[in-house]
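Beneath this line is the structure, given in C-alpha cells, with notes to follow.
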Amino acid sequence: MTTRPLRTIGAVTAGIGLLAAAACGGGGNEGDGTELVVASPWTGAEQENFEQVMAIFEDQTGHTVSYEATGDDYGAFLGPRIEGGNPPDVVMLPQPGLIEEFAGQDALVPLGDEAMAALDANFPEYWKDVVTFDGETYGLIYKVAHKSLVWYRPDAYDAAGVGPASTWDELLTTSETLRDAGQTPWAMCGATGWTLTDWFENVYLSSAGPDSYDQLSDREISWEDDSVVEALEVLAELWSQDDLMNDASGTEFPACVEEVYGSEGAAMVFEADFVAASAEEAGREVGTDALAYPFPSVGQAPPVVSAGDFAVGMTDRDETQELLAFLGTAEAATEWAGLGGYLSPNLEVPVDSYPDEFTQELGQSIADAGEDIRFDLSDMQPSAFGGTEGSGMWAILQDFLSDPSDPEATAAELEAAAADAYDE
C-alpha cells in the first residue's frame, strides 16, 4: 500500500481460532471453477487499478474475479468467512508475522508449483525466505512501499545552503545548519509509534547489516545485543537534540507531513513513499516542491527497508493457484506500474513502466538493493511486540524519543517485551 501506513492493523489475530477447521473451504461459487474472490485493504484508486490487473487475468483465463475490501482488521474480516466455510480464495496480507500466525492455524494454502516458479524466476530469494515457515512458502509479494526516504522542502534546503545527505554524519550537519538558519529541521511523527520503528530499522540495517537484521528479526540474537545498543546510540545523536525537532512526541502521522508541506513549520520528514499522497494533499507537486532522497548510510551501505502486500491463498483450488502464479508475472506488475501509486520488487518489471521520474528512481532503488532489501522488522514480529499501539516496540521507542539518555536500558526493555510476546 502506498497511500497509507502499513501498521495500523492493531490486534489482527482476533478470530484466528476459527480458521483451522475451514481453511480449505471454497471461495466464490465453489465447484464451478470459474469465479474467484480476492480480498485486500485497497479502496479508491488502488482498488480500481488492481481491478484493471484482474481484468487481464480474466481475459487470459476465462475466470471471473470478485473483489472485497477487508478493512484494516483482518481477524474481524476473515474469521466469520472462514467459520462459514467461505474464505476468499486470495487475500493480500501485509505482515509476514501475521502470515506465519495464520499458517500455524492451517488457515492458508502453500504456493503451488507455478506460483513458486514465478517467485523463483522473478524475485530476489529474500522474498521467498521471509514467508517460508516449516518448509512451506505461503505468500507471493505483489506490492511494496519504499520505507527508506527523507522527504524535504527544497526551498528550505536552498535557503540554508544545504543539499541531500548521503551519510548519517552529513544528515546531522544538515539538521544543525537548518536550525542555525532559523528553520526547524525535523517534523517528527512520534505520536504514531510505528514511524519510530521505521527509524530504528533503517539505522539498524545500515549499521549492523542484513545478516544481523535477519538474526534480530528471527530471535537469534537478543535485543540487548551490542548491535542494537549501537543503533539506539546513533538515533540518540539526533533525538537528544530537541532544537532539531518539532513537538516530536505530540505529532502524529500524517500531521507531520502537513507540517513540512502545508504550514512549513519544518524542513523535512522521514517516512515511506506514501508521504507523496499527503504532500499532494498539502498542495505540493512531488518531484518539484516535494522531494525525497535515500535514507543516509550509517554503515557501509544505505538501507532499503520495505513493507508491502503478499498474495496468500486460502482455498485449495487450481484457480487459486492460477491467480497466485499470475500475480508473480511481470505482466501483472507492469500493468499497475503504469497506472501509478505502485511499486513492485519483481525484477522483470521495466523501470520505465513507472509513470514519472520519481517513481522510476524508487523502482530502481528497490531493484538495485537485490538480496539486501529487508522487510519491515516490526511487521515480522508477533503483533503484541511489533504492531500494537501503546505497547512493545511502538511504546518503548516513543519513550526513548522522549528521553534517549539510556540506550542500554531501552534495549533491555525491548528484550523483555520481545520475550513476553514470544512466550519465553
Side-chain angles (χ1 to χ4, degrees), residues 7 95-97 100 126 129-130 147-148 167-169 171-172 188-190 192-241 248-249 270-272 295-307 369 372-424:
R7 288 177 291 171
Q95 297 176 339
E100 183 175 16
Y126 175 76
D129 295 342
V130 77
K147 306 201 80 174
S148 300
T167 69
W168 180 261
D169 287 343
L171 187 66
L172 292 175
M188 294 289 291
C189 319
T192 303
W194 57 261
T195 68
L196 303 183
T197 70
D198 291 344
W199 273 97
F200 172 81
E201 288 153 3
N202 277 274
V203 168
Y204 189 80
L205 177 57
S206 185
S207 61
D211 290 342
S212 292
Y213 189 99
D214 292 342
Q215 291 169 357
L216 183 63
S217 176
D218 294 340
R219 202 86 181 100
E220 295 174 1
I221 60 175
S222 165
W223 284 84
E224 293 183 274
D225 189 82
D226 288 345
S227 62
V228 175
V229 175
E230 290 168 4
L232 293 170
E233 290 172 344
V234 169
L235 287 173
E237 294 174 355
L238 176 61
W239 290 5
S240 62
Q241 300 189 64
S249 298
F270 157 72
E271 250 315 317
F295 194 94
S297 173
V298 180
Q300 295 184 352
V304 179
V305 176
S306 69
D372 289 336
I373 196 170
R374 285 299 181 269
F375 201 84
D376 187 303
L377 186 151
S378 63
D379 280 350
M380 294 191 287
Q381 306 304 301
S383 56
F385 177 55
T388 301
E389 185 174 357
S391 65
M393 292 180 70
W394 296 17
I396 293 168
L397 289 175
Q398 285 176 316
D399 290 343
F400 186 65
L401 175 64
S402 297
D403 179 10
S405 61
D406 196 342
E408 290 187 355
T410 296
E413 289 181 48
L414 288 165
E415 172 59 25
D420 185 59
Y422 280 91
D423 294 324
E424 296 174 355

Sub-4.5 Å side-chain heavy-atom contact between [X] and [Y]:
X: F375; Y: P96; answer: yes
X: W199; Y: L238; answer: yes
X: T410; Y: I396; answer: yes
X: W168; Y: E237; answer: yes
X: I221; Y: S227; answer: yes
X: L232; Y: P404; answer: no

### Task
Evaluate the side-chain hydrogen bond (donor to acceptor under 3.5 Å, both in side chains) criterion for residues D169 and T167: first the C-alpha distance (whole Å), next the side-chain angles of each, then the deciding distance (0.1 Å), finally the verdict.
CA-CA 5 Å; D169 287 343; T167 69; 5.5 Å; no
### Message
By the definition side-chain contact (heavy atoms from CB on, under 4.5 Å), identify the one residue from D198, L377, N202 that meets it with V305.
### Response
N202
### Which residues share a ring pair (Phe, Tyr, Trp, His ring centres under 6.0 Å) with Y204, sequence neighbours left out
F200
Could you report the tightest heavy-atom contact between [X] and [Y], atom names first, then the distance?
X: V229; Y: E224; result: CG2-O, 4.2 Å
X: P302; Y: F295; result: CB-O, 3.7 Å
X: T195; Y: E271; result: CA-OE2, 3.6 Å
X: E233; Y: P407; result: CG-CG, 3.7 Å
X: G190; Y: L401; result: CA-CD2, 3.7 Å
X: A411; Y: V228; result: CB-CG1, 4.3 Å

### Test item: S217 side-chain N/O and Y213 main-chain N/O as donor-acceptor pair under 3.5 Å
no
### Query
So, does S207 use its side chain to make a donor-acceptor pair with the main chain of V203 at under 3.5 Å?
yes
### Query
Can you find a side-chain donor-acceptor pair between W194 and E389 that sits under 3.5 Å?
no
### Task
Assess the side chains of S378 and E201: does a donor N or O sit below 3.5 Å from an acceptor N or O?
yes
### Query
Any chance CD of E424 has more than 12 other-residue heavy atoms, nucleotides or ligands included, within less than 6.0 Å?
yes
Counting only pairs under 3.5 Å, give me each side-chain donor-acceptor contact of residues 413-420, with atom names and distances, residues two or more places apart or in other chains.
{"unit_1": "E415", "atom_1": "OE1", "unit_2": "R219", "atom_2": "NH1", "d": "3.0"}
{"unit_1": "E415", "atom_1": "OE1", "unit_2": "S222", "atom_2": "OG", "d": "3.1"}
{"unit_1": "E415", "atom_1": "OE1", "unit_2": "W223", "atom_2": "N", "d": "2.9"}
{"unit_1": "E415", "atom_1": "OE2", "unit_2": "R219", "atom_2": "NH2", "d": "2.7"}

#### Entry: Residues which pass side-chain contact (heavy atoms from CB on, under 4.5 Å) with P382, listed by chain and number, not counting sequence neighbours
A421, Y422
### Residues that A369 engages under side-chain contact (heavy atoms from CB on, under 4.5 Å), provided they are two or more places apart
V304, I373
### Intermediate values then yes/no, side-chain contact (heavy atoms from CB on, under 4.5 Å), W239 and L196
CA-CA 11 Å; W239 290 5; L196 303 183; 4.1 Å; yes
## Note on the structure
Applying salt bridge (Lys or Arg N to Asp or Glu O under 4.0 Å) to D214 and not counting sequence neighbours gives R374
#### Entry: Listed once per pair and sorted, the salt bridge (charged side-chain N to carboxylate O under 4.0 Å, His left out) pairs that draw on residues 397-408, sequence neighbours left out
none
### Task
For S249, check side-chain hydrogen bond (donor to acceptor under 3.5 Å, both in side chains) against everything at least two apart and list the hits.
S402
### Partner residues of D226 under the side-chain hydrogen bond (donor to acceptor under 3.5 Å, both in side chains) criterion, sequence neighbours left out
none
